[in-house]
Amino acid sequence: MYREYIQKTIDLLREVTGLEDVMITDGGDHADLASTVSFALTKTQRKNPAVIAGELVAVLSAKPEAKGIEISAKGPYINFIFGGDYVAESVRAARRDDYGTLPARTDKVIIEHTSANPNGPLHVGHIRNTVIGDTLVRAFRKAGYPVEAQYYLNDMGRQIAIVAWGVKNLHYDRLPGEKGDEYIVRHYVEANRIAKTKPEIEPEFDSMMEKIEAGDPETVKLFHDSVDICADGIKETLSSMNVVHDKFVRETTFLWNGSMQDVLNRIEKLPTVHHEGQMMYLDLSGEGFGNRYVLRRSNGTSVYAARDLAFHLWKNAQCDRSIDVLGADHKLIGAQLQTTLKLIGERPPEIVHFEFVSLPEGSMTTRGGVFITADELIAETKKRAMEEVTVRRPELSEEERTKIAAAVAVGAVRYDIVKVSAEKSTVFDWKEALDFERQSAPYIQYAHARACSIMEKAKAEGGFAECYEYSDPYELALAKHIARFPYVLEKVVVELRPHLLATYVRDLADLFNSFYRFAPVLKAEGNVRDARLTLVDACRNTLYQALGVLGIEALESM
RNA sequence: GGGCUUGUGGCUUAGCCAGGAUAUAGCGUCGGGCUUCUAACCCGAAUGUCGGGGGUUCGAAUCCCUCCAGGCCCGCCA
């Protein structure tokens with residue numbers, strides 16, 4: 001309802017003032033919505049803004065469309081408070097199974113995220129990409145879009161050549177129960193170490209890269225087997241975090257199917273293309289870039305940038321919006337990619353960049369073996385959650401406690417990451433990751449479990465009748481926040497900022513917990529009891545829907 | 001050196017792009033609350049030159065300029 005009422009308010013103000021921009025702002029504690037349009041009118045009306053606000057309120061209130069909205073002036077501010085009908089309609093809507101779902105759309109969206117090189121396990125830096133990406137995937141789906149999640153799999157670059165060299169030369173045995181990514185990274189770290197002490201092996205990497213480029217069957221098998229082993233491990237990690245990609249797309253696809261050559265042929269026609277021997281690059285200095293955008297090496301082999309261009313054209317052919325989630329270290333190449341696509345008349349992808357996650361002792365490197373893996377983080381968090389649930393719910397079976405701990409752990413990890421806006425660089429902190437108090441997923445899951453518990457008890461006591469009459473401040477604050485969920489969801493997909501949803505759902509849990517403390521539900525009587533139970537049900541469902549978009553399990557008991 | 005980006009109480013953080021009413025929360029500190037729907041909870045207190053300085057504006061955490069500090073990038077790696 002919130003979205004509808006905002007529009008209604010804007011329409012009213014536009015009609016009365018004749019202005020396009022009616023200076024709508026959040027009402028804060030004062031109102032559901034406010035306008036500072038009276039300031040803008042001082043120039044033409046040459047009157048005190050408070051006087052103008054008073055006059056506008058009189059005109060606005062008299063409009064039949066203003067029915068159900070309480071309009072008042074406080075100094076120069078015009079405040080709009082949405083009335084009982086709004087609250088009732090909002091709570092009613094929030095109880096529906098599909099609450100939050102926006103009208104279905106036909107424009108298809110491809111979101112590419114994670115896409116970490118298959119040279120080792122995902123670490124806590126990579127999963128910032130994963131969590132942002134997967135939350136966007138879920139948000140777009142909830143917002144009515146057909147979405148495909150893709151993982152772009154590097155199966156031929158230099159780093160993979162190093163992995164393949166390791167697999168070929170080191171002959172490590174896979175340890176019992178060892179995940180594929182753990183197994184592969186041992187080769188990668190050791191091969192890098194050897195390369196550092198014996199630089200004379202470097203040409204071997206080059207030669208392997210030339211062979212994969214040429215499609216040499218033995219080399220292709222070696223590379224792809226190594227990549228597949230690692231990717232299997234990565235998929236297990238993703239799956240444990242409730243993340244599923246619809247497609248894994250191999251880089252070699254675009255080399256071997258000729259599409260990379262096609263796009264290079266088109267780029268050849270640009271006036272700013274240059275060659276030095278077989279080496280080919282684009283001079284993007286006209287677009288504000290300082291360096292060469294190299295698209296083919298002097299030995300004739302392809303580079304990532306060229307294959308990536310072909311990949312993006314392939315994606316464009318299948319969707320209406322193409323969104324990439326990339327680390328801040330990819331800002332430059334991302335901008336170069338976008339610019340180059342524009343230069344050849346193609347649609348550039350939308351790119352969501354997120355800043356770096358580092359460790360207190362410095363940045364993480366897969367090559368140096370310096371990282372905390374996502375698996376370690378989840379395992380540690382699970383352990384901590386198990387301790388917690390064992391203390392709180394000793395009567396539950398180990399199986400039940402394990403199940404709760406797993407959901408709490410994954411939720412805690414995902415929420416910790418998604419709650420911080422993407423443009424902020426962060427330092428990983430165990431203490432914070434393992435904190436299950438406020439501003440954490442368990443806090444929100446707990447609010448949901450409390451709501452479920454009330455509903456369960458109400459059912460046992462013989463149910464309740466729907467009732468939508470609210471007057472208590474705690475009821476109203478909660479109901480009005482519930483009403484904003486679809487608005488927030490829409491904002492997330494428009495602005496590509498999933499952390500807004502994290503903030504929203506945390507506030508929702510806050511409001512529910514205050515309501516829970518001060519507005520007894522089951523002990524209330526008559527209409528009040530019915531109205532509160534109806535509200536608890538609406539809140540329960542809103543928490544459920546919002547947690548779903550965040551990829552966090554809404555536990556019914558914990 | 002050039003580009004991008006961040007800087008909000010001791011720590012973490014929202015608000016900034018689309019400027020307005022006493023700057024949002026959490027952690028930590030201090031004080032209170034479990035015979036009452038799950039205390040992974042709630043309530044209260046203290047804590048702020050919104051990095052510094054200029055400017056625009058009736059009004060700036062928000063826009064512009066400049067300086068300072070941190071991060072990232074500037075590879076025939078990905």
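Both backbone and side-chain heavy atoms feed into the values below; hydrogens, waters and symmetry mates do not. Chain letters run A, B, ... following the sequence lines, proteins first and then strands; every chain starts at 1.
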If you compare every side-chain N and O of [X] against the phosphate oxygens of [N] (OP1, OP2), does one of them come in below 4.0 Å?
X	N	answer
A:R438	B:C42	yes
A:S514	B:C43	yes
A:K424	B:G7	yes
A:R450	B:A39	yes

What nucleic acid atoms does [X] come within less than 4.0 Å of, heavy atoms only: base, sugar-phosphate, or nothing?
X	result
A:Y443	sugar-phosphate
A:G290	nothing
A:S421	sugar-phosphate
A:R497	base
A:D29	base

Counting side-chain heavy atoms from CB outward, which of [options] is closest to [X]?
X	options	result
A:I333	B:C27, B:U5, B:A78	B:A78
A:Q159	B:A25, B:C77, B:C74	B:C77
A:F356	B:C76, B:G71, B:U13	B:G71
A:H330	B:G71, B:A78, B:A25	B:A78
A:M279	B:A21, B:C76, B:C72	B:C76

For B:A14, does the base pair up with any side-chain atom of A:Q439 as donor and acceptor (N or O, under 3.5 Å, distance only)?
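Donor-acceptor pair under 3.5 Å: no.
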Donor-acceptor pair under 3.5 Å, A:N79 side chain vs B:A21 base
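By the distance-only test, yes, there is a pair.
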Scan nucleotides 60-66 of chain B against the protein and return all N/O pairs shorter than 3.5 Å with their distances rounded to 0.1 Å.
none

Considering only atom C1', compute the distance from B:C17 to B:U62 and round it to an integer number of Å.
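Approximately 9 Å lies between the C1' atom of B:C17 and that of B:U62.
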Say you pick atom P in B:C63 and the same atom in B:G15; how far apart are they, in whole Å?
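Going atom to atom, P in each nucleotide, I get 13 Å.
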Using heavy atoms and a sub-4.0 Å distance, could you list which residues of residues 294-302 of chain A are near RNA chain B? By number, please.
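Within this stretch, A:V294, A:R297, A:S298 sit under 4.0 Å of the strand.
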